[in-house]
Amino acid sequence: MLDIRLIREDRAAVERAMVSRGMPNALAPVVEADERYRSLLRESEDLRAQHNQASKELGRSKEKPQHLLDELRLMGERSAELQRQTREAKDTLDALLLELPNLPHPSVPQGADAADNVVVRMVGTPPAFDFAPLPHWEIGERLDIIDFARGVKLSGSRFYVLKGLGARLQRALIAFMLDLHTKSHGYREVYLPFMLHRECMVGSGNLPKFADNLYHDAEEDYWFVPTAEVPLTNLHRDEILDGASLPLYYAAYTPCFRREKMAAGKDTRGIKRGHQFDKVELYKYVRPEDSDAELDRLVADAEDVLRQLGLHYRVVQLCTGDLGFASCKTFDLEVWAPGSNEWLEVSSCSNCWDFQARRANVRFRPDPNAKPQLPHTLNGSGLALPRVLIAVLENYQQPDGSVLVPEVLSRYM
RNA sequence: GGAGGGAUGGCCGAGCGGUUGAUGGCGACGGUCUUGAAAACCGUUUUCGCGCAAGCGAACGUGGGUUCGAAUCCCACUCCCUCCGCCA
(Lines give C-alpha, C1' and ligand atoms only; values in the text may rest on other atoms or scores of the structure.)
Protein backbone atom coordinates (compact mmCIF):
# COMPACT_ATOMS: atom_id res chain seq x y z
CA MET A 1 0.00 0.00 0.00
CA LEU A 2 1.22 3.46 -0.84
CA ASP A 3 1.33 6.20 1.75
CA ILE A 4 -1.73 8.37 1.17
CA ARG A 5 0.28 11.33 2.42
CA LEU A 6 2.73 10.87 -0.42
CA ILE A 7 -0.16 11.04 -2.88
CA ARG A 8 -1.41 14.21 -1.23
CA GLU A 9 1.99 15.87 -1.20
CA ASP A 10 3.42 14.83 -4.54
CA ARG A 11 0.60 13.60 -6.69
CA ALA A 12 2.46 14.32 -9.94
CA ALA A 13 5.36 12.04 -9.04
CA VAL A 14 3.06 9.18 -8.07
CA GLU A 15 1.07 9.74 -11.25
CA ARG A 16 4.26 9.38 -13.33
CA ALA A 17 5.16 6.20 -11.46
CA MET A 18 1.74 4.70 -12.18
CA VAL A 19 2.04 5.62 -15.85
CA SER A 20 5.42 3.90 -16.02
CA ARG A 21 3.73 0.74 -14.75
CA GLY A 22 1.06 1.01 -17.40
CA MET A 23 -1.61 2.36 -15.08
CA PRO A 24 -2.55 5.87 -16.18
CA ASN A 25 -5.52 7.56 -14.47
CA ALA A 26 -5.21 5.34 -11.43
CA LEU A 27 -4.93 8.23 -9.01
CA ALA A 28 -7.93 10.47 -9.65
CA PRO A 29 -10.45 8.25 -7.84
CA VAL A 30 -8.07 7.87 -4.91
CA VAL A 31 -7.61 11.60 -4.49
CA GLU A 32 -11.34 12.13 -4.75
CA ALA A 33 -12.07 9.46 -2.14
CA ASP A 34 -9.41 10.88 0.15
CA GLU A 35 -10.91 14.36 -0.02
CA ARG A 36 -14.36 13.09 0.69
CA TYR A 37 -13.09 11.03 3.61
CA ARG A 38 -11.18 13.86 5.19
CA SER A 39 -14.00 16.33 4.93
CA LEU A 40 -16.42 13.85 6.49
CA LEU A 41 -13.91 12.98 9.17
CA ARG A 42 -13.54 16.60 10.19
CA GLU A 43 -17.24 17.18 10.32
CA SER A 44 -17.81 13.98 12.22
CA GLU A 45 -15.10 14.65 14.78
CA ASP A 46 -16.23 18.21 15.37
CA LEU A 47 -19.71 17.05 16.16
CA ARG A 48 -18.48 14.29 18.36
CA ALA A 49 -16.22 16.67 20.29
CA GLN A 50 -19.24 18.89 20.85
CA HIS A 51 -21.30 15.91 21.99
CA ASN A 52 -18.56 14.61 24.28
CA GLN A 53 -18.21 18.03 25.88
CA ALA A 54 -21.92 18.46 26.51
CA SER A 55 -22.24 14.94 27.81
CA LYS A 56 -19.36 15.47 30.20
CA GLU A 57 -20.96 18.61 31.56
CA LEU A 58 -24.24 16.83 32.01
CA GLY A 59 -22.46 14.15 33.98
CA ARG A 60 -20.95 16.71 36.32
CA SER A 61 -24.17 18.61 37.04
CA LYS A 62 -26.73 17.29 39.45
CA GLU A 63 -29.77 18.24 37.42
CA LYS A 64 -30.56 16.36 34.25
CA PRO A 65 -33.36 18.30 32.56
CA GLN A 66 -35.37 16.34 29.98
CA HIS A 67 -34.95 18.91 27.21
CA LEU A 68 -31.18 18.62 27.50
CA LEU A 69 -31.34 14.82 27.35
CA ASP A 70 -33.53 15.02 24.26
CA GLU A 71 -31.19 17.49 22.61
CA LEU A 72 -28.19 15.31 23.33
CA ARG A 73 -29.90 12.23 22.03
CA LEU A 74 -30.57 13.93 18.71
CA MET A 75 -26.99 15.11 18.55
CA GLY A 76 -25.83 11.59 19.25
CA GLU A 77 -27.95 10.21 16.45
CA ARG A 78 -26.61 12.75 13.97
CA SER A 79 -23.10 11.99 15.13
CA ALA A 80 -23.61 8.24 14.68
CA GLU A 81 -24.87 8.79 11.15
CA LEU A 82 -21.86 10.94 10.31
CA GLN A 83 -19.55 8.31 11.75
CA ARG A 84 -21.18 5.68 9.58
CA GLN A 85 -20.66 7.80 6.48
CA THR A 86 -17.07 8.49 7.48
CA ARG A 87 -16.34 4.81 7.92
CA GLU A 88 -17.86 4.10 4.54
CA ALA A 89 -15.69 6.78 2.92
CA LYS A 90 -12.63 5.33 4.63
CA ASP A 91 -13.47 1.83 3.39
CA THR A 92 -13.83 3.18 -0.13
CA LEU A 93 -10.48 4.94 0.12
CA ASP A 94 -8.72 1.87 1.53
CA ALA A 95 -10.18 -0.40 -1.12
CA LEU A 96 -8.79 1.89 -3.81
CA LEU A 97 -5.40 2.17 -2.12
CA LEU A 98 -5.14 -1.61 -1.85
CA GLU A 99 -5.40 -1.83 -5.64
CA LEU A 100 -2.47 0.50 -6.34
CA PRO A 101 0.89 -1.17 -7.04
CA ASN A 102 4.17 -0.05 -5.50
CA LEU A 103 6.21 2.76 -7.03
CA PRO A 104 9.19 1.67 -9.12
CA HIS A 105 12.64 2.40 -7.73
CA PRO A 106 14.31 5.29 -9.63
CA SER A 107 17.01 2.90 -10.85
CA VAL A 108 14.52 0.61 -12.60
CA PRO A 109 14.68 0.75 -16.41
CA GLN A 110 11.56 2.10 -18.10
CA GLY A 111 9.68 -0.38 -20.24
CA ALA A 112 6.29 -1.72 -21.21
CA ASP A 113 6.61 -5.45 -20.63
CA ALA A 114 9.00 -8.39 -20.28
CA ALA A 115 10.53 -7.64 -23.67
CA ASP A 116 12.08 -4.50 -22.15
CA ASN A 117 13.75 -6.33 -19.27
CA VAL A 118 17.53 -6.03 -19.11
CA VAL A 119 20.02 -8.88 -18.86
CA VAL A 120 22.42 -7.63 -16.22
CA ARG A 121 24.96 -10.45 -16.39
CA MET A 122 25.55 -14.01 -17.49
CA VAL A 123 27.37 -16.40 -15.20
CA GLY A 124 29.06 -19.71 -16.05
CA THR A 125 29.01 -21.44 -19.37
CA PRO A 126 26.45 -23.72 -21.01
CA PRO A 127 27.48 -27.39 -20.94
CA ALA A 128 28.87 -28.87 -24.15
CA PHE A 129 27.22 -32.09 -25.37
CA ASP A 130 28.43 -34.45 -28.07
CA PHE A 131 24.90 -35.79 -28.32
CA ALA A 132 21.48 -34.15 -28.46
CA PRO A 133 20.48 -33.33 -24.89
CA LEU A 134 17.04 -34.56 -23.88
CA PRO A 135 14.36 -32.49 -22.20
CA HIS A 136 13.75 -33.41 -18.55
CA TRP A 137 10.37 -35.04 -19.18
CA GLU A 138 12.09 -37.64 -21.31
CA ILE A 139 14.96 -38.09 -18.87
CA GLY A 140 12.51 -38.35 -16.00
CA GLU A 141 10.36 -41.00 -17.65
CA ARG A 142 13.32 -43.07 -18.89
CA LEU A 143 14.81 -43.17 -15.40
CA ASP A 144 11.36 -43.66 -13.86
CA ILE A 145 11.85 -40.76 -11.49
CA ILE A 146 9.06 -38.52 -12.80
CA ASP A 147 5.60 -40.05 -13.31
CA PHE A 148 3.31 -37.72 -15.20
CA ALA A 149 0.49 -40.17 -15.85
CA ARG A 150 -0.03 -41.02 -12.22
CA GLY A 151 0.12 -37.37 -11.18
CA VAL A 152 -2.69 -36.68 -13.63
CA LYS A 153 -4.59 -39.69 -12.35
CA LEU A 154 -4.43 -38.35 -8.83
CA SER A 155 -5.06 -34.67 -9.39
CA GLY A 156 -5.35 -33.78 -13.07
CA SER A 157 -3.19 -31.71 -15.34
CA ARG A 158 -0.21 -29.81 -13.92
CA PHE A 159 0.39 -32.48 -11.29
CA TYR A 160 3.13 -35.12 -11.30
CA VAL A 161 4.71 -37.68 -9.04
CA LEU A 162 8.41 -37.81 -8.25
CA LYS A 163 9.70 -41.29 -7.54
CA GLY A 164 12.82 -42.87 -6.12
CA LEU A 165 15.89 -40.78 -6.82
CA GLY A 166 13.70 -38.06 -8.34
CA ALA A 167 12.00 -37.47 -5.01
CA ARG A 168 15.32 -37.91 -3.30
CA LEU A 169 17.01 -35.33 -5.53
CA GLN A 170 14.35 -32.76 -4.76
CA ARG A 171 14.69 -33.40 -1.04
CA ALA A 172 18.48 -33.15 -1.34
CA LEU A 173 18.16 -29.80 -3.10
CA ILE A 174 15.85 -28.47 -0.38
CA ALA A 175 18.23 -29.55 2.37
CA PHE A 176 21.22 -28.17 0.49
CA MET A 177 19.59 -24.79 -0.02
CA LEU A 178 18.40 -24.45 3.56
CA ASP A 179 21.79 -25.43 4.90
CA LEU A 180 23.57 -23.02 2.60
CA HIS A 181 21.39 -20.05 3.53
CA THR A 182 21.35 -20.74 7.25
CA LYS A 183 25.01 -21.69 7.61
CA SER A 184 26.69 -19.39 5.11
CA HIS A 185 24.33 -16.45 4.56
CA GLY A 186 22.93 -15.78 8.03
CA TYR A 187 19.27 -16.67 7.55
CA ARG A 188 17.13 -18.20 10.26
CA GLU A 189 15.12 -21.22 9.17
CA VAL A 190 11.40 -21.16 9.91
CA TYR A 191 8.68 -23.73 9.38
CA LEU A 192 5.38 -22.08 8.57
CA PRO A 193 1.69 -22.84 8.24
CA PHE A 194 0.70 -23.60 4.65
CA MET A 195 -2.86 -22.38 5.17
CA LEU A 196 -3.41 -18.80 6.22
CA HIS A 197 -6.04 -16.34 7.23
CA ARG A 198 -7.43 -14.08 4.55
CA GLU A 199 -5.83 -10.98 6.07
CA CYS A 200 -2.37 -12.45 5.50
CA MET A 201 -3.08 -12.41 1.78
CA VAL A 202 -4.02 -8.74 2.02
CA GLY A 203 -0.87 -7.96 3.97
CA SER A 204 1.40 -9.39 1.31
CA GLY A 205 -0.54 -7.87 -1.58
CA ASN A 206 -2.06 -11.07 -3.00
CA LEU A 207 -5.55 -9.99 -2.06
CA PRO A 208 -7.82 -8.36 -3.02
CA LYS A 209 -6.38 -8.07 -6.51
CA PHE A 210 -5.09 -11.55 -7.29
CA ALA A 211 -7.69 -13.83 -5.76
CA ASP A 212 -8.03 -15.85 -8.96
CA ASN A 213 -4.50 -17.21 -8.64
CA LEU A 214 -5.07 -18.56 -5.13
CA TYR A 215 -6.59 -21.73 -3.73
CA HIS A 216 -8.70 -21.45 -0.65
CA ASP A 217 -10.95 -23.45 1.57
CA ALA A 218 -14.32 -21.76 1.54
CA GLU A 219 -15.59 -23.56 4.61
CA GLU A 220 -12.96 -22.26 7.02
CA ASP A 221 -11.73 -19.36 4.88
CA TYR A 222 -8.20 -20.73 4.87
CA TRP A 223 -5.95 -19.61 2.02
CA PHE A 224 -3.16 -21.84 0.69
CA VAL A 225 0.29 -20.28 0.46
CA PRO A 226 1.23 -19.34 -3.11
CA THR A 227 4.73 -18.61 -1.72
CA ALA A 228 6.32 -18.44 1.72
CA GLU A 229 6.57 -14.70 1.13
CA VAL A 230 2.98 -14.45 2.38
CA PRO A 231 3.42 -16.01 5.85
CA LEU A 232 6.84 -14.38 6.19
CA THR A 233 5.39 -10.93 5.53
CA ASN A 234 2.75 -11.60 8.16
CA LEU A 235 5.07 -13.17 10.70
CA HIS A 236 5.48 -9.78 12.35
CA ARG A 237 2.11 -8.31 11.46
CA ASP A 238 0.87 -5.74 13.98
CA GLU A 239 4.20 -5.81 15.77
CA ILE A 240 6.68 -3.10 16.66
CA LEU A 241 10.11 -4.65 16.27
CA ASP A 242 13.10 -3.65 18.30
CA GLY A 243 15.40 -1.68 16.01
CA ALA A 244 18.37 -3.57 17.41
CA SER A 245 16.93 -6.82 16.04
CA LEU A 246 17.15 -5.60 12.44
CA PRO A 247 18.00 -6.79 9.92
CA LEU A 248 15.99 -10.00 10.23
CA TYR A 249 16.78 -12.72 7.71
CA TYR A 250 14.43 -15.68 7.30
CA ALA A 251 14.66 -18.78 5.13
CA ALA A 252 11.70 -21.10 4.75
CA TYR A 253 10.83 -24.16 2.79
CA THR A 254 7.16 -24.46 1.81
CA PRO A 255 5.14 -26.00 -0.92
CA CYS A 256 3.41 -23.36 -3.05
CA PHE A 257 -0.08 -23.63 -4.48
CA ARG A 258 -1.15 -21.66 -7.54
CA ARG A 259 -4.16 -21.91 -9.76
CA GLU A 260 -2.26 -20.82 -12.88
CA LYS A 261 -5.49 -20.08 -14.69
CA MET A 262 -3.76 -18.38 -17.64
CA ALA A 263 -3.73 -20.25 -20.96
CA ALA A 264 -4.86 -23.84 -20.44
CA GLY A 265 -2.24 -25.32 -22.76
CA LYS A 266 0.72 -23.12 -21.86
CA ASP A 267 3.81 -24.69 -20.28
CA THR A 268 2.09 -28.00 -19.67
CA ARG A 269 5.03 -30.12 -20.75
CA GLY A 270 7.19 -31.39 -17.92
CA ILE A 271 7.34 -30.06 -14.40
CA LYS A 272 8.03 -26.43 -15.21
CA ARG A 273 4.68 -25.05 -14.14
CA GLY A 274 2.48 -26.99 -11.73
CA HIS A 275 -0.35 -26.18 -9.36
CA GLN A 276 1.88 -27.36 -6.53
CA PHE A 277 5.60 -26.87 -6.29
CA ASP A 278 8.26 -26.61 -3.62
CA LYS A 279 10.37 -23.58 -2.92
CA VAL A 280 12.92 -22.30 -0.47
CA GLU A 281 12.21 -18.64 0.16
CA LEU A 282 14.46 -15.91 1.52
CA TYR A 283 12.99 -12.93 3.32
CA LYS A 284 14.37 -9.82 5.01
CA TYR A 285 13.13 -7.06 7.25
CA VAL A 286 15.61 -4.19 7.11
CA ARG A 287 16.06 -0.52 7.94
CA PRO A 288 14.91 1.64 5.02
CA GLU A 289 18.37 3.09 4.42
CA ASP A 290 19.77 -0.42 3.96
CA SER A 291 17.31 -1.90 1.51
CA ASP A 292 19.23 -1.06 -1.67
CA ALA A 293 22.34 -2.86 -0.48
CA GLU A 294 20.27 -5.67 1.03
CA LEU A 295 18.67 -6.42 -2.32
CA ASP A 296 22.08 -6.88 -3.92
CA ARG A 297 23.08 -9.26 -1.15
CA LEU A 298 19.80 -11.16 -1.47
CA VAL A 299 20.43 -11.67 -5.19
CA ALA A 300 23.97 -12.81 -4.41
CA ASP A 301 22.67 -15.31 -1.83
CA ALA A 302 20.24 -16.80 -4.34
CA GLU A 303 22.91 -16.85 -7.04
CA ASP A 304 25.21 -18.77 -4.72
CA VAL A 305 22.91 -21.78 -4.99
CA LEU A 306 23.22 -21.84 -8.77
CA ARG A 307 26.94 -21.22 -8.68
CA GLN A 308 27.54 -24.07 -6.25
CA LEU A 309 25.39 -26.35 -8.35
CA GLY A 310 27.58 -25.41 -11.32
CA LEU A 311 24.67 -24.19 -13.41
CA HIS A 312 24.78 -21.61 -16.17
CA TYR A 313 22.42 -18.70 -15.45
CA ARG A 314 21.69 -15.06 -16.11
CA VAL A 315 20.47 -12.18 -13.98
CA VAL A 316 17.64 -10.14 -15.46
CA GLN A 317 16.41 -6.82 -14.17
CA LEU A 318 12.70 -6.27 -14.64
CA CYS A 319 11.58 -3.04 -16.29
CA THR A 320 8.87 -0.79 -14.83
CA GLY A 321 6.10 -2.43 -16.83
CA ASP A 322 6.99 -5.96 -15.70
CA LEU A 323 7.49 -5.33 -11.99
CA GLY A 324 5.38 -7.35 -9.58
CA PHE A 325 2.57 -5.59 -7.75
CA ALA A 326 4.37 -5.15 -4.41
CA SER A 327 7.89 -4.66 -5.74
CA CYS A 328 9.84 -1.47 -6.38
CA LYS A 329 12.80 -3.29 -7.90
CA THR A 330 13.26 -6.89 -9.00
CA PHE A 331 16.02 -9.13 -10.34
CA ASP A 332 15.11 -12.53 -11.77
CA LEU A 333 17.54 -15.41 -11.93
CA GLU A 334 17.14 -17.59 -15.00
CA VAL A 335 18.91 -20.90 -15.35
CA TRP A 336 19.80 -22.46 -18.66
CA ALA A 337 17.98 -25.69 -19.51
CA PRO A 338 19.75 -27.23 -22.51
CA GLY A 339 17.22 -30.04 -23.06
CA SER A 340 14.17 -27.78 -23.01
CA ASN A 341 16.33 -25.20 -24.77
CA GLU A 342 15.16 -22.24 -22.71
CA TRP A 343 15.93 -20.00 -19.78
CA LEU A 344 13.94 -20.94 -16.69
CA GLU A 345 13.04 -18.44 -14.00
CA VAL A 346 14.17 -19.99 -10.72
CA SER A 347 14.18 -16.90 -8.53
CA SER A 348 12.68 -13.47 -8.32
CA CYS A 349 14.33 -11.15 -5.82
CA SER A 350 12.45 -8.01 -4.90
CA ASN A 351 12.72 -4.99 -2.71
CA CYS A 352 9.22 -3.99 -1.60
CA TRP A 353 10.24 -0.85 0.27
CA ASP A 354 7.58 -0.18 2.93
CA PHE A 355 4.71 -1.34 0.69
CA GLN A 356 4.07 -4.64 2.45
CA ALA A 357 5.08 -3.36 5.88
CA ARG A 358 2.36 -0.72 5.66
CA ARG A 359 -0.27 -3.26 4.56
CA ALA A 360 0.70 -5.72 7.27
CA ASN A 361 1.31 -2.99 9.88
CA VAL A 362 4.85 -4.08 10.66
CA ARG A 363 6.95 -1.39 12.32
CA PHE A 364 10.23 -1.04 14.16
CA ARG A 365 11.54 1.39 16.75
CA PRO A 366 14.92 2.73 15.59
CA ASP A 367 15.88 3.69 19.14
CA PRO A 368 14.25 2.91 22.48
CA ASN A 369 12.64 6.35 22.64
CA ALA A 370 12.03 6.95 18.95
CA LYS A 371 8.69 6.75 17.20
CA PRO A 372 7.92 3.54 15.33
CA GLN A 373 8.55 3.54 11.62
CA LEU A 374 8.07 1.15 8.72
CA PRO A 375 10.88 -1.25 7.82
CA HIS A 376 11.55 -2.30 4.26
CA THR A 377 10.88 -5.90 3.29
CA LEU A 378 12.62 -7.97 0.64
CA ASN A 379 11.92 -11.41 -0.68
CA GLY A 380 13.54 -13.81 -3.09
CA SER A 381 13.38 -17.43 -4.04
CA GLY A 382 16.38 -19.34 -3.01
CA LEU A 383 15.32 -21.27 -5.13
CA ALA A 384 12.21 -22.76 -6.77
CA LEU A 385 12.67 -26.53 -6.77
CA PRO A 386 11.10 -28.01 -9.90
CA ARG A 387 13.04 -25.78 -12.23
CA VAL A 388 16.31 -26.39 -10.46
CA LEU A 389 15.50 -30.09 -10.70
CA ILE A 390 14.96 -29.60 -14.43
CA ALA A 391 18.26 -27.77 -14.74
CA VAL A 392 20.16 -30.48 -12.87
CA LEU A 393 18.64 -33.27 -14.96
CA GLU A 394 19.20 -31.53 -18.26
CA ASN A 395 22.66 -30.10 -17.55
CA TYR A 396 24.11 -33.18 -15.94
CA GLN A 397 22.71 -35.82 -18.29
CA GLN A 398 25.24 -38.32 -19.69
CA PRO A 399 25.47 -40.05 -23.06
CA ASP A 400 24.41 -43.36 -21.48
CA GLY A 401 21.15 -41.81 -20.23
CA SER A 402 22.21 -41.47 -16.63
CA VAL A 403 22.47 -38.21 -14.71
CA LEU A 404 25.40 -37.14 -12.58
CA VAL A 405 24.63 -35.38 -9.32
CA PRO A 406 26.42 -32.08 -8.63
CA GLU A 407 29.27 -32.44 -6.19
CA VAL A 408 27.64 -30.29 -3.48
CA LEU A 409 24.65 -32.63 -3.35
CA SER A 410 26.60 -35.81 -2.90
CA ARG A 411 26.39 -35.70 0.88
CA TYR A 412 22.58 -35.39 0.62
CA MET A 413 22.05 -38.26 -1.83
C1' G B 1 -17.29 -32.60 19.94
C1' G B 2 -19.04 -31.73 25.60
C1' A B 3 -18.49 -28.79 30.44
C1' G B 4 -16.34 -24.71 32.95
C1' G B 5 -13.01 -20.27 33.36
C1' G B 6 -10.70 -16.14 31.02
C1' A B 7 -9.15 -11.90 27.39
C1' U B 8 -7.20 -4.45 30.12
C1' G B 9 -0.94 -0.64 28.28
C1' G B 10 6.27 -4.17 27.03
C1' C B 11 4.88 -7.71 31.36
C1' C B 12 1.93 -8.58 36.01
C1' G B 13 -2.51 -6.63 37.81
C1' A B 14 -6.73 -2.91 39.58
C1' G B 15 -10.93 -0.80 37.72
C1' C B 16 -19.35 1.79 42.08
C1' G B 17 -21.96 3.52 33.95
C1' G B 18 -19.67 9.92 34.37
C1' U B 19 -12.22 14.53 34.43
C1' U B 20 -10.06 6.43 33.64
C1' G B 21 -5.94 6.49 28.13
C1' A B 22 -7.06 3.97 32.25
C1' U B 23 -4.66 3.15 40.13
C1' G B 24 -0.50 0.18 41.55
C1' G B 25 3.82 -3.02 40.77
C1' C B 26 7.72 -4.82 37.43
C1' G B 27 10.60 -3.62 33.31
C1' A B 28 12.70 0.20 30.14
C1' C B 29 14.60 5.25 29.49
C1' G B 30 16.55 10.09 31.61
C1' G B 31 18.51 12.37 36.05
C1' U B 32 20.53 12.92 41.34
C1' C B 33 24.12 10.42 44.39
C1' U B 34 28.96 7.47 43.38
C1' U B 35 35.93 6.99 41.23
C1' G B 36 32.58 3.45 38.54
C1' A B 37 28.46 0.28 39.35
C1' A B 38 24.58 -1.44 42.60
C1' A B 39 21.05 0.35 46.11
C1' A B 40 18.11 4.59 47.16
C1' C B 41 15.53 8.88 45.47
C1' C B 42 13.19 12.16 41.45
C1' G B 43 11.13 12.21 36.65
C1' U B 44 9.57 10.00 31.87
C1' U B 45 7.32 5.84 29.44
C1' U B 46 0.73 2.98 24.34
C1' U B 47 -0.61 3.56 19.38
C1' C B 48 -3.21 5.62 15.34
C1' G B 49 -5.96 9.51 12.63
C1' C B 50 -7.22 14.81 11.31
C1' G B 51 -5.01 19.73 11.80
C1' C B 52 0.18 24.92 10.04
C1' A B 53 -0.82 25.03 15.14
C1' A B 54 -3.55 25.28 19.62
C1' G B 55 -6.00 21.16 19.81
C1' C B 56 -9.62 17.47 18.65
C1' G B 57 -11.01 12.38 17.68
C1' A B 58 -10.30 6.89 18.14
C1' A B 59 -8.65 2.18 20.46
C1' C B 60 -9.47 -1.91 27.20
C1' G B 61 -10.03 -9.58 22.14
C1' U B 62 -13.63 -8.56 17.51
C1' G B 63 -18.46 -6.90 15.80
C1' G B 64 -23.19 -5.13 17.16
C1' G B 65 -26.77 -3.16 20.98
C1' U B 66 -28.65 -0.18 25.43
C1' U B 67 -27.49 5.00 27.31
C1' C B 68 -26.90 12.07 27.20
C1' G B 69 -22.40 9.07 28.60
C1' A B 70 -19.67 2.05 28.29
C1' A B 71 -13.21 -0.88 30.04
C1' U B 72 -17.67 -1.23 33.21
C1' C B 73 -24.60 -3.45 31.27
C1' C B 74 -26.79 -6.84 27.02
C1' C B 75 -26.10 -10.07 22.45
C1' A B 76 -23.06 -12.65 18.87
C1' C B 77 -18.36 -14.19 17.37
C1' U B 78 -12.99 -15.19 17.87
C1' C B 79 -8.91 -16.74 20.62
C1' C B 80 -6.59 -18.73 25.15
C1' C B 81 -6.68 -21.93 29.65
C1' U B 82 -8.63 -26.37 32.62
C1' C B 83 -11.31 -31.03 32.60
C1' C B 84 -13.82 -35.01 29.61
C1' G B 85 -14.18 -37.55 24.77
C1' C B 86 -11.69 -38.62 20.05
C1' C B 87 -7.08 -38.72 17.43
C1' A B 88 -1.74 -38.31 13.53
Side-chain angles (χ1 to χ4, degrees), chain A residues 1-11 30-98 191-203 216-223 231 234-246 248 255 285 354-375:
Chain A
M1 189 157 67
L2 296 180
D3 186 353
I4 184 67
R5 279 167 296 199
L6 180 66
I7 299 175
R8 284 174 201 155
E9 283 158 24
D10 199 351
R11 177 177 174 176
V30 177
V31 171
E32 195 181 316
D34 180 45
E35 278 163 7
R36 174 175 159 74
Y37 162 63
R38 278 193 295 167
S39 108
L40 275 169
L41 181 66
R42 255 188 121 141
E43 198 184 340
S44 163
E45 288 191 347
D46 283 352
L47 184 59
R48 198 195 279 225
Q50 213 179 317
H51 186 249
N52 283 350
Q53 176 66 24
S55 186
K56 214 173 260 182
E57 276 166 23
L58 181 67
R60 269 195 292 260
S61 80
K62 271 176 263 168
E63 290 147 45
K64 310 213 181 323
Q66 190 56 45
H67 77 274
L68 231 173
L69 292 178
D70 290 345
E71 196 180 306
L72 277 182
R73 185 170 53 249
L74 283 176
M75 196 189 277
E77 277 162 15
R78 254 186 302 143
S79 174
E81 170 59 18
L82 263 176
Q83 281 170 55
R84 200 189 54 74
Q85 287 179 23
T86 307
R87 199 175 329 120
E88 235 174 63
K90 176 80 163 104
D91 290 346
T92 303
L93 173 61
D94 286 344
L96 288 167
L97 277 175
L98 286 174
Y191 170 82
L192 301 155
F194 304 155
M195 294 144 74
L196 304 167
H197 284 140
R198 169 185 296 265
E199 55 191 325
C200 295
M201 293 292 169
V202 176
H216 85 285
D217 167 46
E219 202 158 22
E220 307 270 354
D221 203 31
Y222 278 130
W223 295 72
N234 288 275
L235 196 60
H236 296 296
R237 193 180 63 222
D238 296 325
E239 290 181 28
I240 299 176
L241 302 166
D242 179 0
S245 71
L246 298 184
L248 286 168
Y285 294 85
D354 58 14
F355 187 84
Q356 290 179 322
R358 184 173 294 106
R359 287 172 90 105
N361 191 32
V362 180
R363 288 164 296 166
F364 76 102
R365 207 182 289 281
D367 296 298
N369 288 320
K371 286 189 72 85
Q373 59 171 281
L374 297 166

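By convention in this document, chain letters (A, B, ...) are assigned in the order of the sequence lines, proteins followed by strands, and residues within each chain are numbered from 1.
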Partner set under ring pair (Phe, Tyr, Trp, His ring centres under 6.0 Å) for A/Tyr222, not counting sequence neighbours: none
Of all the nucleotides listed (B/rG51, B/rG18, B/rU47), which has the minimum atom distance to the side chain of A/Ser55? B/rG18
Does anything in residues 65-86 of chain A come within less than 4.0 Å of RNA chain B? Heavy atoms only, and list the residues if so. A/Leu69, A/Leu72, A/Arg73
Taking OP1 and OP2 of B/rG49, is either one under 4.0 Å from a side-chain nitrogen or oxygen of A/Arg42? no
Does B/rG10 have its OP1 or OP2 closer than 4.0 Å to a side-chain nitrogen or oxygen of A/Arg365? no
Distances under 3.5 Å only, N/O to N/O: pair up the protein atoms with those of nucleotides 55-57 of chain B.
{"unit_1": "B/rG57", "atom_1": "OP1", "unit_2": "A/Asn52", "atom_2": "ND2", "d": "3.3"}
{"unit_1": "B/rG57", "atom_1": "O2'", "unit_2": "A/Glu45", "atom_2": "OE2", "d": "3.4"}

So, A/Gln83 and A/Ser79: side-chain donor and acceptor under 3.5 Å apart, yes or no? yes
Ranges pairing with ranges for RNA chain B, where each run has three or more Watson-Crick or G-U pairs under 3.5 Å: B:1-7 with B:78-84, B:10-12 with B:24-26, B:27-32 with B:40-45, B:46-50 with B:55-59, B:61-65 with B:73-77
Any side-chain N or O of A/Lys371 under 4.0 Å from OP1/OP2 of B/rC48? yes
List the residues meeting salt bridge (Lys or Arg N to Asp or Glu O under 4.0 Å) with A/Arg237, not counting sequence neighbours, and say none if there are none. A/Glu199
Could you run down the sub-3.5 Å N/O contacts of the protein with nucleotides 71-79 of chain B?
none

Does B/rC50 have its OP1 or OP2 closer than 4.0 Å to a side-chain nitrogen or oxygen of A/Arg8? yes
